[in-house]
Amino acid sequence: MGNDSQNGLALCFLTGGMGTGGAERVIATLANIFAGQGHRVKILCMGRDKKQAGYELDRKIEVVYTGVGRGCFLARKVRQLRRILVLLKSYRPDILISFQNYINIQAVFLGKAAGIPVIASERSFPGKNMEGTVGLNRLCKWAYSRADAVVCQTKEQREYFGLRNKGNSYIIMNPFRIPVDEIPEYTIRDEVLLLGSTGRLEESKNFSMLIRLMANLKDDFPELRLVIWGEGSQKEALIKLSEELGVRDRVEFPGVSRDILNEMGKMDIFLFSSRYEGIPNALIEAMCMGIPCISTRFEGGGAELLIRNGENGLLVDTDNEPKLEEKTTALISDEDLRRKISFEAKKLRSEVEPEMIAGKWMEVIQRTIDRTKPKKDESR
């Protein structure tokens, strides 16, 4: 491929796959915008089998799955890295952009071997994401110290890896646009009927906190229901908990939706209960839609970056169930407060507008390419 000033830049993303996760959504958004601007975009996925993309991609974008066949993990990994290296040398992209810490490590190695600058993007809160994995922690710090640029979501991520004073580290918000022609404008109903949340059904998301909340509210608000969208290893445990607490008929687990924004638009209040995160797309989406939100102050800094407590949302300390019940009850009971928070939350749209976010990414991309270009020998 290579850089051609008439045809834009050659950009290559490296990721685990292109499913329905938050990192995948960001990649799809950026890739579509860059392709529309005339840049040539490829996405290399570390997975073995091509699956249905979680997000629509421009037809000009090529997605390649690089997983290899049978054998022990180490042998398969070596063969895969060799395959990706061959592809990179064939594509000759101007830059390699990787997402997620364990992939970032591999991207730095591959970029150095292929002579291609690398931008590594950290998507989670590493202090918790890497608990018990000292080796991964050290490898990430090694990789980020050698990446040509690192993009973080929050200052906490940047400080964790010792990148605060490095000129090649950047903080960029996740992009998001409400497709207003497809989703009805959110309106405040007189009566709150549906609490909602969405995410992977895993321990770190702390959805059990929301089920216990429903058990505590069921007598005061007999029509109230809770819907939790997503799949994960904790689904059966969460269903069992709802049965034990006598709220199974009030809590729904409908799985994964390919039209989650439409489903979120049916919620009266959005609850976010995580213990740690980077910047959660689900919370951004709910706020941009104008849904009144209550979030934990999860480790990672993203909640306070998005929510001004009492103005465009409400915050509670992580695992503080009495405070969550208090704030939820107040929001259910106060229509004026819901209306105020909804109005203020929608102002977040201007801060996450996709073209603006893509512009910030392109500034980093171009700056990194320019900084890593081989210096011409001026002595000749």
Side-chain angles (χ1 to χ4, degrees), residues 1 8-47 49-67 84 87-88 91 93-108 110-111 116-124 129 147-153 157 170-177 179 199-200 256 258 260-261 277-282 284-285 302 352-366 368:
M1 289 170 65
L9 296 171
L11 309 174
C12 186
F13 290 89
L14 182 66
T15 184
M18 285 305 294
T20 58
E24 291 92 329
R25 186 179 70 75
V26 174
I27 292 173
T29 300
L30 295 175
N32 285 334
I33 291 174
F34 293 151
Q37 293 172 343
H39 302 294
R40 289 160 293 149
V41 182
K42 289 184 183 289
I43 300 175
L44 298 182
C45 298
M46 303 293 283
D49 299 319
K50 184 175 182 179
K51 299 177 181 178
Q52 185 177 14
Y55 304 95
E56 186 175 350
L57 292 171
D58 190 301
R59 286 183 294 178
K60 296 189 293 293
I61 299 170
E62 182 181 354
V63 180
V64 179
Y65 283 76
T66 66
I84 296 174
L87 290 172
L88 289 175
Y91 296 158
D94 294 293
I95 201 153
L96 179 63
I97 306 166
S98 63
F99 277 59
Q100 300 170 332
N101 45 46
Y102 62 97
I103 293 175
N104 293 335
I105 297 166
Q106 299 169 74
V108 170
L110 290 164
I116 299 167
V118 175
I119 298 176
S121 181
E122 177 61 51
R123 313 307 300 173
S124 63
N129 184 255
D148 298 288
V150 180
V151 172
C152 299
Q153 298 172 299
Q157 290 174 336
Y170 308 87
I171 296 175
I172 302 180
M173 186 82 80
N174 287 356
F176 181 70
R177 178 190 288 118
R200 290 176 291 105
V256 175
R258 293 189 62 82
I260 190 60
L261 297 183
E277 292 280 345
I279 296 184
N281 286 319
I284 292 176
E285 291 165 355
V352 296
E353 199 279 323
E355 278 73 20
M356 181 188 70
I357 298 297
K360 292 183 177 181
W361 268 93
M362 185 50 67
E363 288 178 11
V364 174
I365 290 169
Q366 193 63 66
T368 304

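None of these values were measured; they are calculated from a predicted model. FYI, the numbering just counts along the sequence from 1.
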Kindly write out the residues that satisfy ring pair (Phe, Tyr, Trp, His ring centres under 6.0 Å) with Phe99, not counting sequence neighbours, or none if the list is empty.
-> Trp361
Would you indicate whether the side-chain heavy atoms of Arg177 and Glu353 approach each other to under 4.5 Å?
-> yes
Does anything in residues 12-21 pair up under salt bridge (charged side-chain N to carboxylate O under 4.0 Å, His left out), and if so which pairs, sequence neighbours excluded?
-> none
Close side-chain approach of Pro175 and Val352, heavy atoms under 4.5 Å | no
Counting N and O atoms only, with roles assigned by atom type, does the side chain of Asn104 sit under 3.5 Å from a partner on the main chain of Ser121, one being a donor and the other an acceptor?
-> yes
Tell me whether the guanidinium CZ or amine NZ of Lys42 lies under 6.0 angstrom from the six-membered ring centre of Tyr91 and within 45° of its axis.
-> yes
CG-CG distance between Leu88 and Leu44, expressed to the nearest 0.5 angstrom = 6.0 Å
Sequence neighbours left out, what passes side chain to side chain donor-acceptor pair (under 3.5 Å) with Asn32? Give chain and number order.
-> none
Quick one: CD1 on Ile103 to CE on Met46, what's the gap to the nearest 0.5 Å?
-> 6.0 Å
Smallest separation among heavy atoms of Ile279 and Met173, with atom names = CD1-SD, 3.7 Å
Between Ile61 and Phe13, is a side chain to side chain contact (heavy atoms under 4.5 Å, CB included) present by the stated rule, with each step listed?
-> CA-CA 11 Å; Ile61 299 170; Phe13 290 89; over 6 Å; no
With sequence neighbours excluded, give me every salt bridge (charged side-chain N to carboxylate O under 4.0 Å, His left out) pair touching residues 10-38.
-> Arg25-Glu285
Rounding to 0.5 Å, atoms CE (Met362) and CD1 (Ile33) come to a distance of 10.0 Å
Sequence neighbours excluded, the answer for side chain to side chain contact (heavy atoms under 4.5 Å, CB included) partners of Ala147 is Val108, Ala120, Val150
Can you tell me how far CD1 of Ile27 sits from CE of Met18, rounded to the nearest 0.5 angstrom?
-> 5.5 Å
Quick one: side chain to side chain donor-acceptor pair (under 3.5 Å) partners of Thr66, sequence neighbours excluded?
-> Gln80
In terms of heavy-atom contacts, Ala28 and Tyr55 come closest through CB-CB, 3.7 Å
Please assess Gln153 against Glu122 for the test side chain to side chain contact (heavy atoms under 4.5 Å, CB included), listing each intermediate value before the final yes or no.
-> CA-CA 7 Å; Gln153 298 172 299; Glu122 177 61 51; over 6 Å; no
Heavy-atom pair of closest approach, residues Ala107 and Val118 = O-CG2, 3.5 Å
Does Gln37 have any side chain to side chain donor-acceptor pair (under 3.5 Å) partners at least two apart in sequence or in another chain, and if so, which?
-> none
With side chain to side chain contact (heavy atoms under 4.5 Å, CB included) as the test, would you mind laying out the steps for Leu57 and Ile43 before giving the verdict?
-> CA-CA 10 Å; Leu57 292 171; Ile43 300 175; 4.2 Å; yes
Euclidean distance, Ile365 CD1 relative to Asp94 CG, rounded to 0.5 Å = 10.0 Å
Not counting sequence neighbours, which residues clear side chain to side chain donor-acceptor pair (under 3.5 Å) with Gln100? List them please.
-> none
Is the backbone N or O of Leu9 less than 3.5 Å from a side-chain atom of His39, with the two atoms forming a donor-acceptor pair by type?
-> yes
Residues two or more places apart in sequence or in another chain: which of them pass side chain to side chain contact (heavy atoms under 4.5 Å, CB included) with Glu363?
-> Arg367
Are side-chain heavy atoms of Leu30 and Leu11 found at a separation under 4.5 Å?
-> no
Taking all heavy atoms of Pro117 and all of Ile95, pick out the closest pair and write down the distance.
-> O-CG1, 3.3 Å
Hey, could you give me the CG/OG1 distance between Leu96 and Thr368, rounded to the nearest 0.5 Å?
-> 12.0 Å
All heavy atoms of Ala23 vs all of Asn281, minimum pair found to be N-ND2, 4.4 Å
Note, Asn174 side chain near Ile357 side chain (heavy atom, < 4.5 Å) | no
Can you see which heavy atom on Tyr170 is nearest to which on Ala149, and at what distance?
-> CE1-CB, 4.1 Å
Listed partners of Lys60 passing salt bridge (charged side-chain N to carboxylate O under 4.0 Å, His left out), at least two apart = Asp58
